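Each remark here refers to the structure printed beneath this line.
Small disclaimer: the values here were computed from a predicted structure and weren't measured. Residue indices begin at 1 and follow the sequence shown. Atom set for the values below is all heavy atoms of this structure, side chains included, hydrogens, waters and symmetry mates excluded. Start at 1 and go down the list; that is how both ligands and their atoms are numbered.
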Amino acid sequence: MKKTIGFIGSGNMGGAIIGGLVGSALVAPNQVIVSSQDNESLKALKEQHSIRIAADNRQVAAESDILFLAVKPNIYNVVIDEIKTAIKENVVVVTIAAGKSLSDIEERFGRKVKVVRAMPNTPALVGEGMTGICANEVVNVAELTDVKNIFDSFGRSEMVAEYMMDAVTGVSGSSPALVFMFIESLADGAVRGGMPRQQAYKFAAQAVLGSAKMVLETGKHPGELKDMVCSPGGTTIEAVAELEKNGFRSAVISAVQTTIEKSIAMSKPKEN
Ligand SMILES: NC(=O)C1=CN([C@@H]2O[C@H](COP(=O)(O)OP(=O)(O)OC[C@H]3O[C@@H](n4cnc5c(N)ncnc54)[C@H](O)[C@@H]3O)[C@@H](O)[C@H]2O)C=CC1
Ligand SMILES: O=C(O)[C@@H]1CCC=N1
């Protein structure tokens, strides 16, 4: 891809996308330009990936063909106000913020800019991201393909209708935090059984990785895969019964529901 890819914001998600993108070799490091308020993270990204650091947000806006807004949702209005007179005529703006709609972004720019709304996740950093994507009607197929290729370069992505973006936030944007809690809990269980902690994280994480791959690669229902582990009268069914007693699935469904509700609440107009 010949385009310049800009990032405003170099935190957890901006940094993960930059790391994944440069690691994929879809673009050369000098095609990536970044600005942020955090000089330490900028310095670290430059050292690690040889990307370019801009003097300010307006320089990134002026040079980018595809411009990622990777700041917190409550900073969006300030940043858009700052850059709206600096962007290229045909720039594709990519918003990754929870609860920011395509129309929120268009309205703040004050004109029908090309906007792609995406909800990625931090596993982008290790090439295993999952991203839901939608776009407004002025983004053409070639532009959308370029943006999708960026997200595909560090994992998988799927086009979704915009109304599904809150559910995407729950099931993949936020869910790595829940999975990390699950891995931590599995490891705590193993530590309780006498295993050294670092070794326990390795066993727990590999079990989760392998289980996820089985879902993706066998196409089997997760319940069927669960049944394959549960020997009659064996160890696993004891753990299944314990989790059911403690409302495990209900707790997870409610947790995802709360992220969806929060994402919807964040979409309500607020001034800042
Ligand atoms: N962290 C995650 O797992 C995910 C985050 N997101 C979205 O990504 C966006 C960023 O989130 P995080 O990376 O987690 O936040 P973060 O707090 O780690 O990073 C925010 C970045 O914005 C920079 N910044 C703050 N004010 C600025 C300004 N005025 N101009 C330029 N840069 C400025 C900060 O220096 C920092 O580099 C949010 O909108 C969030 O909803 C989406 C999916 C997953
Ligand atoms: O917690 C958040 O608001 C962001 C969006 C999805 C993951 N992190």
Is the closest N or O pair between [X] and ligand 1 shorter than 3.5 Å?
X    : result
V71  : yes
T122 : no
V79  : no
M13  : yes
S35  : no
S36  : yes
G11  : yes
S41  : no

As an exercise, identify every atom of ligand 1 less than 4.0 angstrom from a heavy atom of [X].
X   : result
A70 : 10 (C), 20 (C), 21 (C), 22 (O)
G9  : 21 (C), 22 (O), 23 (C), 37 (O)
A97 : 39 (O), 41 (O)
K72 : 11 (O), 12 (P), 14 (O), 15 (O), 16 (P), 17 (O), 38 (C), 39 (O)
I8  : 31 (C)

Are side-chain N/O atoms of [X] and [Y] paired as donor and acceptor at under 3.5 Å?
X    : Y    : result
S10  : S41  : yes
S35  : R58  : no
S101 : D104 : yes

Quick check on [X]: does its [atom1] atom have over 12 non-hydrogen neighbours (other residues, nucleotides or ligands) under 6.0 Å away?
X    : atom1 : result
R197 : CZ    : yes
E158 : CD    : no
R111 : CZ    : yes
K262 : NZ    : no

Shortest protein contact, [atom] (heavy atom only):
atom                    : result
atom 41 (O) of ligand 1 : A98 N, 3.1 Å
atom 1 (O) of ligand 2  : S174 OG, 4.5 Å
atom 5 (C) of ligand 2  : A98 CB, 3.9 Å

> Can you find a protein heavy atom under 4.0 Å from atom 7 (C) of ligand 2?
Replying inline: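 Yes, there is a protein heavy atom closer to it than 4.0 Å.
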
> With under 30° as parallel and over 60° as perpendicular, where do the rings of F182 and F248 fit, or are they tilted in between?
Replying inline: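 F182 and F248: tilted rings.
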
Please work out whether any backbone atom (N, CA, C, O) or any side-chain heavy atom from C-beta onward of [X] is under 4.0 Å from ligand 1, and answer side chain, backbone, both or neither.
X    : value
I75  : side chain
T169 : neither
E82  : neither

Matching residue for [X] among [options] - test: side chain to side chain contact (heavy atoms under 4.5 Å, CB included):
X    : options             : result
L67  : I33, V113, I83, T95 : I83
V256 : I260, T258, I253    : I260
S157 : I133, V147, N149    : I133

> Minimum heavy-atom separation for D146 to M1, with atom names?
Replying inline: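 The pair with the smallest heavy-atom distance is O-CE, 3.4 Å.
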
> For I51, does its backbone N or O pair with a side-chain atom of H49 as donor and acceptor, under 3.5 Å?
Replying inline: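 No, because the side chain of H49 does not come within donor-acceptor range (under 3.5 Å) of the backbone of I51.
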
> Among the heavy atoms of V78, does any lie under 4.0 Å from an atom of ligand 1?
Replying inline: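 Outside the 4.0 Å threshold, so no.
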
